[in-house]
Amino acid sequence: MKQRQHRPADTVIVLDFETSGLSPGMGDRVIEVGAVRVEAGSITGRFQSLMNPGIRVSEFIEDYTGITNRMLQAAPSCRTVMAGFADFINDHHLVAHNASFDQRFLDAECQRIRRRYAGAFACSMLAARRVYPDAPNHKLGTLVAYNRLPTSGTFHRALADAEMTAHLWLGMLRDIRERYGIRHIAFSLMQELTRVPKAAVGRFMRQRG
DNA sequence: TGCCAGGCCCTCTTTAGGGCCTT
């Protein structure tokens with residue numbers, strides 16, 4: 001019997017950045033990157049590094065992330081780390097929680113080192129608003145608790161948040177499969193889902209089930 | 001000079017405003 005082959009296009013990189021603030025346009029920089037490679041429903045690779053942005057981060061960011069200016073002074077440069085991260089991403093599709101935030105920083109940091117990435121982004125927060133409309137809110141930590149997903153107990157560090165986002169993503173794929181009987185959920189379907197009006201999600205999914 | 005994110009999404013909307021979510 002011929003075994004069903006996993007499609008390479010199913011591989012996604014789930015990423016999370018810790019940053020010096022909210023806006024690269026205002027001069028904020030990435031200070032830590034964490035990411036996992038998800039293939040055929042499992043985490044098969046990890047990438048994590050602090051990076052020295054060449055600027056001091058605020059006390060708020062030190063408290064929020066636990067990443068201190070002393071730690072950043074000892075870290076490799078953004079240029080070095082981002083070059084390695086661009087290799088890790090390769091041409092895979094990308095997932096992040098509130099992806100527009102991470103995409104802005106990825107674009108800005110890649111532009112600085114003149115690297116490009118070919119994959120498209122999907123947002124786990126926009127998907128979760130549609131898959132779990134009854135959750136108390138759609139913060140990453142709340143969704144992890146709401147769905148009783150695995151967690152290391154660490155929050156607001158890049159690799160820990162990326163791993164939780166990966167479990168959230170895989171959990172949504174499982175729940176959509178069970179709820180709507182869709183056997184293969186392509187990345188493009190998840191992207192489309194995040195653009196469907198919330199009131200039309202059931203009809204959209206049943207049309208594809 | 002002083003200020004500064006930005007996109008999604010809901011509603012007491014659409015000639016707008018404000019909460020959510022990310023650091």
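Here is how names work: the chains are called A, B, and so on, in the same order as the sequence lines, proteins then strands, and each is numbered from 1.
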* Between A:M26 and A:K198, who's closer to the 5' end of DNA chain B by nearest nucleotide? -> A:M26
* Asked: Does the distance from a Lys or Arg side-chain N to an Asp or Glu carboxylate O, for A:E18 and A:R157, drop under 4.0 Å?
  -> no
* Considering only the C1' atoms, how many Å lie between B:dT14 and B:dC9, rounded to the nearest integer? -> 14 Å
* For nucleotides B:dT13 and B:dG17, find the distance between their P atoms and express it as a whole number of Å. => 13 Å
* Please state the P separation for the pair B:dC4 and B:dG18 - nearest whole angstrom. => 15 Å
* What orientation do A:F88 and A:F47 show, parallel under 30°, tilted 30 to 60°, or perpendicular over 60°? -> tilted
* **B:dC12 to B:dC8 separation - P atoms, rounded to the nearest Å** => 22 Å
* Decide, yes or no, whether a salt bridge links A:E109 with A:R79 under the criterion of side-chain N to carboxylate O below 4.0 Å. => no
* Asked: Is any side-chain N of the basic residue among A:D87 and A:R115 closer than 4.0 Å to the acidic one's carboxylate O?
  -> yes
* To do: Round to a whole Å and report the spacing from CZ of A:F121 to P of B:dC8.
  => 14 Å
* **Parallel, tilted or perpendicular, as decided by the 30° and 60° cut-offs, for the rings of A:F101 and A:F105** => tilted
* Integer-rounded Å distance: B:dC10 C1' and A:L126 CG -> 14 Å
* Encode nucleotides 18-23 of chain B as B, S and - characters from 5' to 3', where the letter depends on protein heavy atoms closer than 4.0 Å: B to the base, S only to sugar-phosphate, - to neither. => --BBBB
* On a whole-Å scale, what distance lies between the C1' atoms belonging to B:dT23 and B:dA5? -> 11 Å
* Aromatic ring pairing A:F187/A:H93, orientation class (parallel under 30°, perpendicular over 60°, tilted between) -> parallel
